[in-house]
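Since the structure comes first, as structure tokens, the remarks are kept for the end.
This chain uses plain numbering: 1 for the first residue, then up along the sequence.
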Amino acid sequence: WKSFHSKGQLYEAGKFIRGKRVGEWSWYYNTGNLIGSCVLTNGNGFWKSYHPNGVVASEGYYKNGERDGEWKWMYETGQLSDYNILKDGKYEGLAKRYTEENILYEYGFYKNDEREGPWKHYSTLTGELEKSGNYKNGKKDGEWYEYNLFNSTFKIVVYKDGEIVK
């Protein structure tokens, strides 16, 4: 199977069996550079995509046609931007986000596609801790601590269901 961009350049190439993608599949930008590729068996396989400059943009596994397990996304420089654990296509577990300068600026966990439990937010300039607190069902909940430049607490804000209560 092959399909093409509107001006005739190859867009995708692969094989269907009984209406399902199987084996090696590749997708291309209209410039001819590779967008991404994967090898699929029964909806399972490893995916790797690329920025237009050829640098890896993302990589991870598919299970039953859904993102599953460890996934990484990168900036056009190749520097890691996001690291996540997914299950059945939903965020489920550890999440980390980085700036292009490799400064960690978010660290926390997901449950059923929503932020859950402890999260830390760091300065995108210095990497110093700025805020920390808990999420419950995707909303800020309980005490959230804001820190000054010396990593000491200077403000405590209390949330319930994502709303400030104190």
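Listed by first and then second residue, the side chain to side chain donor-acceptor pair (under 3.5 Å) pairs involving residues 65-74 are E70-Y83 (not counting sequence neighbours). Applying the salt bridge (charged side-chain N to carboxylate O under 4.0 Å, His left out) test to every pair with at least one member in residues 18-29, sequence neighbours left out, gives these pairs: E12-R21. Applying the side chain to side chain donor-acceptor pair (under 3.5 Å) definition to pairs two or more places apart or across chains, those involving residues 119-128 are E106-H121, S123-T126, E128-N151.
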Show me the side-chain donor-acceptor pairs of residues 28-46 shorter than 3.5 Å, one per line, residues at least two apart or across chains.
from : atom 1 : to  : atom 2 : distance (Å)
Y29  : OH     : Y50 : O      : 2.7
T31  : OG1    : N33 : N      : 3.3
N33  : ND2    : P52 : O      : 2.8
N44  : OD1    : N64 : N      : 2.6

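Using a 4.5 Å heavy-atom threshold, the side chains of H51 and N53 count as touching.
Every side chain to side chain donor-acceptor pair (under 3.5 Å) that N102 has, sequence neighbours left out, goes to Q79. With sequence neighbours left out, the side chain to side chain donor-acceptor pair (under 3.5 Å) criterion links S132 to Y147. The salt bridge (charged side-chain N to carboxylate O under 4.0 Å, His left out) search around D82 returns R97, not counting sequence neighbours. Every residue meeting the salt bridge (charged side-chain N to carboxylate O under 4.0 Å, His left out) condition with K48, not counting sequence neighbours, appears here in chain and number order: E59. By the side-chain contact (heavy atoms from CB on, under 4.5 Å) test, V157 pairs with E146, K155, Y159, I164, sequence neighbours left out. Taking the side chain to side chain donor-acceptor pair (under 3.5 Å) definition, one finds that T99 meets it with E101, sequence neighbours left out. Under the salt bridge (charged side-chain N to carboxylate O under 4.0 Å, His left out) criterion, E116 pairs with no residue at all, not counting sequence neighbours. Not counting sequence neighbours, the partners of Y145 by the side chain to side chain donor-acceptor pair (under 3.5 Å) test are E143.
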Please walk me through it: do W47 and W27 pass ring-ring contact (aromatic ring centres under 6.0 Å, His included)?
-> CA-CA 11 Å; W47 164 260; W27 290 263; 5.3 Å; yes

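Of all heavy-atom pairs between N134 and W144, the closest is O-NE1, 3.0 Å.
Between the side chain of S81 and the main chain of Y98, no donor-acceptor pair closer than 3.5 Å is present.
Going from atom CD of E163 over to atom NZ of K140 covers 11.5 Å, rounded to the nearest 0.5 Å.
With a 6.0 Å radius and a threshold of 12 heavy atoms from other residues, nucleotides or ligands, Y61 has its OH atom at or below the threshold.
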